[in-house]
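These figures come from a predicted structure and were not determined experimentally. Numbering starts at 1 and runs along the sequence shown. Only heavy atoms go into these numbers, but all of them, side chains included; no hydrogens, no water, no symmetry mates.
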Amino acid sequence: MNDRAMKNLGRAAALAGLVAAAWLFWRDNPRAVFSLMRTAGAGLALAGLMHVLPMLANAKDWQTLFLGAGRPRMARMLHIVWIRESINSMLPVARIGGEIESFRLLRRDGVEAPEVVASLVVDMQLTLISQLMFALVGVGFLLSQAASGALRLAGELAWGIVALAPILALFALVQHANPFGRITRLLNRATSGKLTALLGGSARIDETIKLMWRRRGVVIRYLLLWQTLQNFATSLEIWAALHFLGSRVGLLEAFVIESLIQAVSSAAFFVPGGLGVQEGAFVLIGGALGIDTQTSLALAGARRIRDLLIFVPGLLAWQVAESSAKETADAARGSPGGGA
């Protein structure tokens, strides 16, 4: 599928999601939903700004994957995580555009390409594994509820989690199959040897991925410490938003909501911002936990407020970074000897 087709698919998915989200709001007493949000007021903005906390944990867990003295500084990692999340959450890029821009930003910082690519691959692998772990916790909690609706929803979610297993198995093969080297060799033959220079780099990517996975202490801390802190911090967002909406839900229930919302959003990666999908998930999961539909939709609205407060400025920061890089490149070309 070419770039234009991907963009068109993303736009179509975004439009369909927007229609679905609007329908969900208007079918369930929109006045009550907006009244809840208006009463919560600045509290929802505060809950949205709390997203800085999980971004900090995300920046730290990704930073630990880098090897040697070339590891980026924490402040730089946080800046790149901010831009990556903003692109993946707000634009029709199938949740991969942020990774591409992260690669470009880190390369400009002087981090070697094989290490950047390997860190992105391993980060994605470990994130999916942690999402699976936390989603299973959420399903287990729903199964412990006596309501038949919760049991039915837990069963449906469990089948969705099972469907992720082949993806995780495919990622596991990356550690042993040297895919980057194999793909490059195939392309090299197809182009009569013109890609020979890339063979060394692709082999280094495969070796760096294996090396990152061999650092078991780093991997365990990534999964059990940093990812747990990240999910806990994101759950605080949910808990705070529900608190300001007048729903006295415990932190455990907020954790369940967040873990399952993340799983659903990852499954619907092709829908920009999870439009419609996320709203529907909030209603289904909230209903299984005894949260009324209006409050669930108001919570979904609070998540969109977070997106506006955090990710729209993140897109602006991305444009500033691109503009700065262009000016630097233009200055280098215009300096004496720069065009040599």
Side-chain angles (χ1 to χ4, degrees), residues 53-67 71 77 80-81 84-85 88-89 94-96 98-99 102-103 115-143 154 156-180 205-235 238 252 254-270 274 277-278 281 285:
L53 298 176
M55 285 200 304
L56 277 167
N58 188 4
K60 182 60 181 178
D61 62 29
W62 186 16
Q63 184 196 42
T64 62
L65 297 177
F66 287 87
L67 310 169
R71 177 180 295 175
M77 292 302 301
I80 294 174
V81 163
R84 180 174 72 170
E85 284 195 31
N88 285 342
S89 298
R95 288 181 179 264
I96 195 66
E99 275 64 28
S102 297
F103 173 84
E115 187 169 5
V116 176
V117 174
S119 76
L120 287 166
V121 171
V122 176
D123 181 58
M124 190 179 298
Q125 292 172 321
L126 291 172
T127 297
L128 281 175
I129 291 170
S130 68
Q131 284 186 354
L132 177 63
M133 290 166 48
F134 291 121
L136 287 171
V137 171
V139 168
F141 183 85
L142 288 180
L143 287 173
E156 293 171 353
L157 288 170
W159 278 113
I161 292 170
V162 168
L164 289 175
I167 299 175
L168 293 175
L170 181 62
F171 270 142
L173 290 175
V174 168
Q175 301 172 58
H176 307 287
N178 300 326
F180 293 98
I205 292 172
D206 292 323
E207 290 304 315
T208 306
I209 289 173
K210 292 177 183 178
L211 184 57
M212 288 179 178
W213 271 99
R214 291 191 190 112
R215 300 162 71 213
R216 291 185 175 84
V218 171
V219 170
I220 290 172
R221 284 193 296 274
Y222 183 109
L223 291 172
L224 301 184
L225 175 59
W226 298 115
Q227 279 289 305
T228 300
L229 286 174
Q230 183 178 339
N231 278 271
F232 176 76
T234 316
S235 302
I238 296 287
L252 177 58
F255 183 89
V256 170
I257 293 171
E258 179 58 32
S259 64
L260 296 177
I261 287 293
Q262 283 192 20
V264 170
S265 297
S266 294
F269 65 91
F270 54 89
V277 177
Q278 190 168 266
I285 296 166

- Note on the structure: Of all heavy-atom pairs linking L65 and M212, the shortest is O-CE, 3.4 Å
- What closest approach, in Å, do W62 and Y222 show between heavy atoms, and which atom pair accounts for it? N-CE1, 4.2 Å
- Message: Would you compute the distance between atom CD1 of I129 and atom CD of Q227 and round it to the nearest 0.5 angstrom?
- Response: 10.0 Å
- Message: Return the CG to CG distance between N58 and L229, rounded to the nearest 0.5 Å.
- Response: 12.0 Å
- Give, for atom CG of D123 and atom CG of D61, the distance between the pair rounded to the nearest 0.5 Å. 6.0 Å
- Shortest non-hydrogen contact from S119 to F66? OG-CZ, 3.4 Å
- Please name the pair of heavy atoms, one in Q63 and one in R71, separated by the smallest distance, quoted to 0.1 Å. O-NE, 3.3 Å
- Does a donor on one side chain sit under 3.5 Å from an acceptor on the other, for N231 and Q131? no
- Could you tell me which non-hydrogen atom of I209 sits nearest to which non-hydrogen atom of V122, and how far apart they are? CG2-CG2, 4.0 Å
- Item | Straight-line distance of E207 CD to R214 CZ, nearest 0.5 Å | 6.5 Å
- Item | Reported NZ-to-CG distance for the pair K60 and L56, which is rounded to 0.5 angstrom | 11.0 Å
- So which heavy atom on S265 is nearest to which on Q278, and how close? OG-OE1, 3.6 Å
- Item | Donor-acceptor under 3.5 Å (N88 side chain, G98 main chain) | yes
